[in-house]
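Throughout, a chain's letter reflects where its sequence line sits, starting with A, and its residues are numbered from 1. Below, all heavy atoms of this structure are taken into account, side chains as well, without hydrogens, waters or symmetry copies.
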2 protein chains.
Amino acid sequence: MTTPASATKASTPGAPKTARGARTRARILQAAEETFGALGYHRAGITDITRAAGVAQGTFYTYFGGKEEILRELVLDMGHKVRAHLAAKILGARDRMEAEERGLRAFLEYLAAHPSLYRVLQEAQFVDEAIYRDYYETFSRGYADMLDNASRKGEIRPGNNEHRAWALMGLSHFLGMKYALWDQRDNFDDIVATLSDLFHNGLPLSGRDKP
Amino acid sequence: MTTPASATKASTPGAPKTARGARTRARILQAAEETFGALGYHRAGITDITRAAGVAQGTFYTYFGGKEEILRELVLDMGHKVRAHLAAKILGARDRMEAEERGLRAFLEYLAAHPSLYRVLQEAQFVDEAIYRDYYETFSRGYADMLDNASRKGEIRPGNNEHRAWALMGLSHFLGMKYALWDQRDNFDDIVATLSDLFHNGLPLSGRDKP
DNA sequence: CGAAAATATGAATCAGTTGTCATATTGAGA
DNA sequence: TCTCAATATGACAACTGATTCATATTTTCG
């Protein structure tokens with residue numbers, strides 16, 4: 001339907017004004033994450049969400065303007081959580097190389113533990129592309145900044161760190177999809193080792209190219 | 001709805017038995033690619049597809065079992081085309097390293113020229129995950145085989161080429177999404193150069209680690 | 001040319017969903 | 001305890017969009 005021209009869509013209701021309200025809202029949000037994660041955005045009905053939350057359909061609209069809005073909220077929320085998790089896991093790294101390894105491992109582990117993240121985020125792309133782009137543009141900016149710092153410190157080669165950031169995000173994304181979600185591994189040592197080797201030495205046999 | 005247990009979905013109608021039929025079917029397939037690409041799978045109605053193809057709604061069901069089926073067909077078709085394109089572009093490469101550069105460039109150019117590919121494929125993931133997985137599993141197998149060959153020839157370091165294949169696919173995917181689709185660039189020299197440097201030297205300043 | 005098969009048509013059916021609303025319940029503060 | 005604003009309820013109105021089907025039209029080929 002996509003906003004049938006002149007109609008519907010009650011815009012964001014105000015925030016809850018009671019402890020009870022806050023609790024209910026949180027339950028619905030949580031239920032939405034699970035339901036979207038399990039069924040996907042389109043197959044999941046408001047009914048499924050409210051049933052999972054243990055409230056009546058109508059209650060949904062006390063806190064959220066509609067299906068799209070709760071998805072947006074979810075994506076924002078997830079973005080914060082992932083970044084916080086990765087930041088924490090990277091914290092003690094000696095240099096950028098170690099940070100990359102830790103970051104990759106942390107991402108894979110996070111994805112294995114929170115598979116809904118992936119599905120909700122990826123599906124958001126087709127519901128509201130802007131929020132999906134924001135997620136990755138924000139992420140990539142932070143990533144590129146860290147690489148720039150490492151460049152300045154002489155820890156990594158000079159080069160276009162924006163390009164590198166997108167490449168590295170993509171690589172994590174696919175490795176996560178394949179090994180954490182599809183194959184459902186719980187040990188990522190060998191994967192991290194393979195990528196670590198790539199980061200350190202590139203692909204060629206000996207690193208004797210342009211130094 | 002997800003196949004309501006006991007119902008609907010007329011299974012694949014037979015192939016057209018007339019030149020006219022073949023033409024009509026092709027027109028619908030083409031229209032579906034454009035329509036899904038422009039509106040997305042869910043927002044695109046059968047109506048939109050048939051209108052774009054210049055036929056009546058009912059005609060659609062003469063050739064396709066339903067909306068999901070035409071999507072499947074599209075994904076399969078696209079898979080063949082991309083692989084053919086990349087294979088052709090890589091053909092004359094002297095070594096694996098050059099093949100990687102050419103492959104990345106070819107992928108970015110293909111995506112810029114066929115943006116529907118991306119959208120249809122990515123969205124297929126949430127309509128019929130199996131076909132999406134097949135697409136990438138097939139692709140990755142071929143990719144890993146090529147890397148294995150290069151390993152044997154001593155062109156690249158030994159290592160887990162399956163992991164590498166997924167990492168390389170992911171990296172291309174994200175670079176394509178960002179630069180070909182979102183930023184709509186038409187020149188990818190600098191991106192290919194950045195990644196070429198990564199492939200040759202890894203990230204660290206000098207390549208003097210474990211040789 | 002004259003069936004018979006293959007195609008084409010589009011109105012009607014049918015299932016399923018979102019978002020609304022009038023009505024009840026709850027609980028915090030006076 | 002009483003009152004009122006905040007919440008909760010769930011039946012239902014209003015739509016959307018996929019698929020079907022009885023009915024034309026076109027093509028093939030004997």
Residue whose closest nucleotide on DNA chain C lies nearer the 5' end, B:Val55 versus A:Tyr41: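 This one resolves to B:Val55.
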Expected output: side-chain B:Arg43 to main-chain A:Phe126 donor-acceptor under 3.5 Å: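 Yes, because the side chain of B:Arg43 sits within donor-acceptor range (under 3.5 Å) of the backbone of A:Phe126.
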Side-chain (B:Asp48) to main-chain (B:Gly45) donor-acceptor, under 3.5 angstrom: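 At least one qualifying donor-acceptor pair exists.
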Would you kindly give the [atom1]-to-[atom2] distance between [X] and [N], to the nearest whole Å?
X: B:Phe64; N: C:dA8; atom1: CZ; atom2: P; answer: 12 Å
X: A:Lys17; N: D:dC4; atom1: NZ; atom2: P; answer: 18 Å
X: A:Arg51; N: D:dA11; atom1: CZ; atom2: P; answer: 13 Å
X: B:Ile49; N: D:dA18; atom1: CD1; atom2: P; answer: 8 Å
X: B:Phe36; N: D:dG17; atom1: CZ; atom2: C1'; answer: 13 Å
X: A:His42; N: C:dT18; atom1: NE2; atom2: C1'; answer: 13 Å
X: B:Ile46; N: D:dT16; atom1: CD1; atom2: C1'; answer: 13 Å
X: A:Glu68; N: C:dT17; atom1: CD; atom2: P; answer: 17 Å

Please determine, for the side chain of [X], which listed nucleotide ([options]) has the closest atom?
X: B:Lys67; options: D:dT7, C:dT9, D:dT19; answer: D:dT19
X: A:Thr59; options: C:dT18, C:dT9, D:dT9; answer: D:dT9
X: B:Gln57; options: C:dG10, D:dT9, C:dA8; answer: C:dG10

Sugar-phosphate only, base, or nothing, as touched by A:Ala44 at under 4.0 Å among non-hydrogen atoms: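 It contacts sugar-phosphate atoms only.
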Sugar-phosphate, base or nothing in reach of B:Gly45, heavy atoms under 4.0 Å: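 Sugar-phosphate contact only - B:Gly45 comes under 4.0 Å of backbone atoms but never of a base.
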Pairs touching residues 105-117 of chain B that satisfy side-chain hydrogen bond (donor to acceptor under 3.5 Å, both in side chains), sequence neighbours left out: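 Non-adjacent pairs meeting side-chain hydrogen bond (donor to acceptor under 3.5 Å, both in side chains): B:Arg105-B:Asp189.
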Parallel, tilted or perpendicular: ring planes of [X] versus [Y], cut at 30 and 60 degrees:
X: A:Trp182; Y: B:Tyr132; value: perpendicular
X: A:His173; Y: A:Tyr136; value: perpendicular
X: B:Trp166; Y: A:Tyr179; value: perpendicular

Other residues, nucleotides, ligands: >12 heavy atoms within 6.0 Å of B:Asp145 CG: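 Atom CG in B:Asp145 is crowded, with more than 12 foreign heavy atoms closer than 6.0 Å.
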A:Asp186, CG atom: more than 12 neighbouring heavy atoms under 6.0 Å: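 Counting neighbours around CG of A:Asp186, 12 or fewer heavy atoms of other residues, nucleotides or ligands fall under 6.0 Å, so no.
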Presence of A:Tyr61 side-chain N/O under 4.0 Å of D:dT7 phosphate oxygens OP1/OP2: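 Checking D:dT7 against A:Tyr61, no side-chain N or O comes under 4.0 Å of OP1 or OP2.
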A:Thr24 vs D:dT7: side-chain N/O to OP1/OP2 distance below 4.0 Å: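 So the side-chain polar atoms of A:Thr24 never come under 4.0 Å of the phosphate oxygens OP1 or OP2 of D:dT7.
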Salt-bridge criterion met for A:Asp197 and B:Arg164 (N-O under 4.0 Å):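 Judged by the 4.0 Å cut-off on N to carboxylate O distance, A:Asp197 and B:Arg164 do form a salt bridge.
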Approximate separation, where rounding is to 0.5 Å, of A:Tyr61 OH and A:Thr50 OG1: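 Rounded to the nearest 0.5 Å, the OH-OG1 separation comes to 9.0 Å.
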Contact state string [nucleotides 22-30 of chain C, B base, S sugar-phosphate only, - no protein heavy atom under 4.0 Å]: ----B----
Proximity to DNA chain C (any heavy atom under 4.0 Å), residues of residues 25-34 of chain A only: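 Per residue number, the list is empty: none.
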